[in-house]
Protein chains: 2
Amino acid sequence: MSAKPALHAVVLAGGAGTRFWPLSRQARPKPLLQVGAGRTLLSETLLRARRIAGPGRIWLICGAAHAAAMRRAAALPKQRVLVEPRMRSTAAAIALAAHRIAREDPHALMAVLPADHRIPDTAAFARAMRRAAAAAASQGEPLVALGVRPTRPETGYGYIRLGPPLAGHAQLHRAARFIEKPNRARAQRYAARRDYLWNAGIFVWRARAILEELRQFAPAIARALAPIGRANARQLPAALQRAYRRAPSASIDNAVLENSRRVACLPVEFAWSDLGAWLALAENLGVRPNQSRVLRGEALLHDAGGNLICGADRPIALLGVHGLAVIDAGDALLVASLDRSDEVRAITTRLRKQRRRNLL
Amino acid sequence: MSAKPALHAVVLAGGAGTRFWPLSRQARPKPLLQVGAGRTLLSETLLRARRIAGPGRIWLICGAAHAAAMRRAAALPKQRVLVEPRMRSTAAAIALAAHRIAREDPHALMAVLPADHRIPDTAAFARAMRRAAAAAASQGEPLVALGVRPTRPETGYGYIRLGPPLAGHAQLHRAARFIEKPNRARAQRYAARRDYLWNAGIFVWRARAILEELRQFAPAIARALAPIGRANARQLPAALQRAYRRAPSASIDNAVLENSRRVACLPVEFAWSDLGAWLALAENLGVRPNQSRVLRGEALLHDAGGNLICGADRPIALLGVHGLAVIDAGDALLVASLDRSDEVRAITTRLRKQRRRNLL
């Protein structure tokens with residue numbers, strides 16, 4: 001028996017996140033979105049990471065455009081922040097982290113934590129992650145995905161269909177299928193069943209195990225990233241440039257999880273949300289038909305319930321309006337029906353066509 | 001027969017106008033509200049005044065708080081801008097103007113033009129005013145009020161009930177009654193009849209005639225203002241201070257028009273609106289269910305019809321919202337249902353209680 005393997009936490013903060021325009025920008029991405037007094041999605045994720053991984057074992061993956069802001073916000077040791085030269089989705093980011101972790105500790109476990117989720121119950125999260133880590137370290141070294149019990153027929157999330165229980169693990173099941181965002185009718189069927197769970201995008205596995213599966217099911221990504229495992233700190237930036245020029249873009253779900261037979265799912269009961277748009281954030285912050293929420297700044301409300309308000313340096317008065325997101329980013333203002341807030345891309349697409357980079 | 005008496009135009013711009021908050025302020029009142037490229041309500045009113053009164057016969061009455069801004073905007077000779085030391089409603093303002101005009105020209109006619117109305121057809125307005133002036137100069141020297149044919153059961157306007165035709169004047173009637181803003185049921189009855197007209201607040205009379213009627217029906221106001229007729233330019237500021245300390249506040253309707261038997265009404269057919277709130281301005285500017293209007297600044301609209309948008313120095317994106325006033329004053333922002341925009345006082349009252357003068 002070897003000693004209990006160390007668990008590393010890898011925070012994925014590489015997304016662009018213009019879905020929270022005008023607050024999130026290319027230069028001010030979603031993980032840096034404030035969700036409370038002084039708290040960002042990133043800082044909440046780092047808090048969760050610290051609950052499960054010791055000092056020196058927390059990693060942050062982010063894009064070059066945000067590296068400075070992320071470094072400032074995360075306050076991690078320099079070599080623990082891995083900067084991707086370009087956006088290549090989650091498979092490359094996970095391969096990158098797995099190589100750097102395995103290089104230091106070939107037996108290490110790694111937990112993958114997206115930096116833009118909300119999980120209010122940190123203790124329940126930490127318990128589930130310890131269980132997932134124990135499973136990932138056990139015989140067969142399964143790739144463990146957390147599955148969240150659906151509370152509504154959500155079309156914005158992917159789903160995992162549970163297979164039979166995994167022998168020797170009280171709560172784990174085989175993952176029978178990974179399903180991308182379904183349409184409304186399918187989402188309703190899934191929500192009515194017990195064997196479809198939301199894919200939280202939170203995973204635990206041995207660094208070595210995910211690299212093995214990448215080699216088997218995503219050889220182009222594995223080949224492109226392989227030199228990362230051999231580069232020393234000085235060589236790393238150039239190695240990353242070369243690797244990311246070659247690496248195809250694919251999600252870890254597409255690249256590995258839909259194909260590998262080593263994937264297990266741990267059903268969890270804690271509340272979880274992937275804040276996909278202003279509506280999700282509003283619901284998460286407690287906006288109700290008769291209750292508005294002010295994320296930041298000052299609001300003067302007169303018969304104005306059900307709104308999410310985020311101010312800059314001027315007061316925002318709301319009069320007789322309901323169900324709106326009113327977001328003042330200082331240099332741009334959004335007034336959107338919360339129901340339609342997932343269409344904010346229509347605005348950012350137009351700004352992109354107009355080449356108004358300062359607003360994107 | 002004397003020569004045709006000269007017509008002076010008196011523009012009343014003394015109101016506070018926080019109904020267009022946050023754009024109109026104590027320091028930036030409603031007449032200075034922009035209603036088009038480079039045009040304000042005041043500048044449109046001055047254009048109308050120039051159509052009916054010769055150079056040197058246009059007067060502006062405004063409050064001390066706005067005097068500097070009004071002088072700049074109006075570009076009238078110094079002695080043609082009369083600054084009221086405090087707000088005392090229309091009777092005192094009209095008495096003030098009548099005294100200054102009669103002092104220069106005892107036979108002069110004066111037209112009273114509120115500075116916050118919209119009348120798109122300036123030519124029709126000028127024709128009506130010439131007819132009113134001819135009547136006001138004729139035998140009996142009636143006080144002529146313009147009456148606008150109602151197009152809807154408006155509860156925000158006063159009404160004039162037409163009496164019998166005035167002998168010797170083709171289109172004039174006696175004014176049988178002046179009626180303050182009615183409730184909804186009465187407004188509907190009035191709108192269904194031919195003999196109730198909107199009181200446009202536009203009047204033509206001999207300066208001497210209105211002073212006579214003020215002496216008879218509003219003696220306290222007449223006594224307070226009497227020294228204004230004897231003051232020279234140097235004495236005027238001190239005389240105004242004394243007069244306005246003593247003068248009661250009353251509208252000219254209450255003080256004179258409801259009581260005098262010399263009042264006539266000239267029905268007019270041109271479009272007229274007293275912009276009482278954002279909704280009225282929106283309708284006036286052509287906001288329709290599928291059509292938004294941008295008063296100023298830049299708007300990015302995605303499925304957002306029926307809105308009135310006024311921006312400052314940042315773009316405003318509207319997504320899936322309808323029937324809103326979105327007004328960015330730079331230092332304050334209003335998002336209101338246009339239907340409810342007459343309740344903006346609820347916001348300004350709160351700001352007043354908080355003593356936030358910079359926002360009022």
Side-chain angles (χ1 to χ4, degrees), chain A residues 18-19 21-23 277-279 292 297-305 307-354 356 358-360, chain B residues 18-19 21-23 277-279 292 297-305 307-354 356 358-360:
Chain A
T18 49
R19 283 144 99 193
W21 187 89
L23 229 52
W278 289 115
L279 176 60
S292 288
E298 180 191 3
L300 298 158
L301 305 178
H302 181 70
D303 185 20
N307 304 292
L308 176 67
I309 302 131
C310 183
D313 52 357
R314 78 214 85 211
I316 300 180
L318 263 59
L319 171 60
V321 294
H322 305 274
L324 298 184
V326 179
I327 312 295
D328 183 358
D331 59 354
L333 181 71
L334 172 70
V335 179
S337 168
L338 276 169
D339 285 344
R340 307 279 303 271
S341 60
D342 55 337
E343 296 172 48
V344 77
R345 259 168 232 262
I347 306 290
T348 54
T349 300
R350 205 179 316 169
L351 291 170
R352 199 162 291 117
K353 280 185 190 152
Q354 297 173 357
R356 297 175 71 177
N358 58 322
L359 295 176
L360 287 167
Chain B
T18 49
R19 284 145 98 193
W21 188 89
L23 229 51
W278 289 115
L279 176 60
S292 288
E298 181 191 3
L300 298 159
L301 305 177
H302 180 71
D303 184 20
N307 304 292
L308 176 67
I309 302 130
C310 183
D313 52 357
R314 80 213 83 214
I316 301 180
L318 264 61
L319 170 60
V321 295
H322 306 274
L324 299 184
V326 179
I327 312 295
D328 184 359
D331 59 353
L333 181 72
L334 172 70
V335 179
S337 169
L338 276 169
D339 286 344
R340 306 279 304 272
S341 60
D342 56 338
E343 296 173 47
V344 76
R345 259 167 231 264
I347 305 290
T348 54
T349 301
R350 204 176 320 165
L351 291 170
R352 198 162 292 117
K353 280 186 189 153
Q354 297 173 358
R356 299 174 71 176
N358 59 322
L359 294 177
L360 286 167

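Just so we're on the same page: letters track the sequence lines, and every chain starts at 1.
For a residue to count as touching a neighbouring chain, one of its non-hydrogen atoms must lie under 4.5 Å from one of that chain's; by this rule Ile327(B) does not touch chain A. Heavy-atom distances place the side chain of Ile347(B), and not its backbone, under 4.5 Å from chain A.
Glu343(B) and Arg19(B) are not joined by a salt bridge, as no carboxylate oxygen comes within less than 4.0 angstrom of a charged side-chain nitrogen.
No donor-acceptor pair closer than 3.5 Å links the side chain of Ser341(A) to the backbone N or O of Ala336(A). Here the side chain of Trp278(B) pairs no donor or acceptor atom with the backbone of Ser337(B) at under 3.5 angstrom.
Interface remark: of the candidates Asp303(B), Leu359(B), Leu324(B), Asp303(B) forms the most heavy-atom pairs closer than 4.5 Å to chain A. Highest contact tally toward chain A, considering only Ala346(B), Pro315(B), Gly320(B), Ala329(B), is held by Pro315(B) [criterion: heavy-atom pairs under 4.5 Å]. Highest contact tally toward chain B, considering only Leu334(A), Val344(A), Asn307(A), Val326(A), is held by Leu334(A) [criterion: heavy-atom pairs under 4.5 Å]. The choice from Leu319(B), Ile316(B), Asp339(B) that makes the most heavy-atom pairs within less than 4.5 Å of chain A is Leu319(B).
The shortest side-chain heavy-atom distance between Glu298(A) and Arg314(A) does not fall under the 4.5 Å cut-off.
Heavy-atom minimum distance, Ala312(B) versus Gly330(B): CB-N, 3.8 Å.
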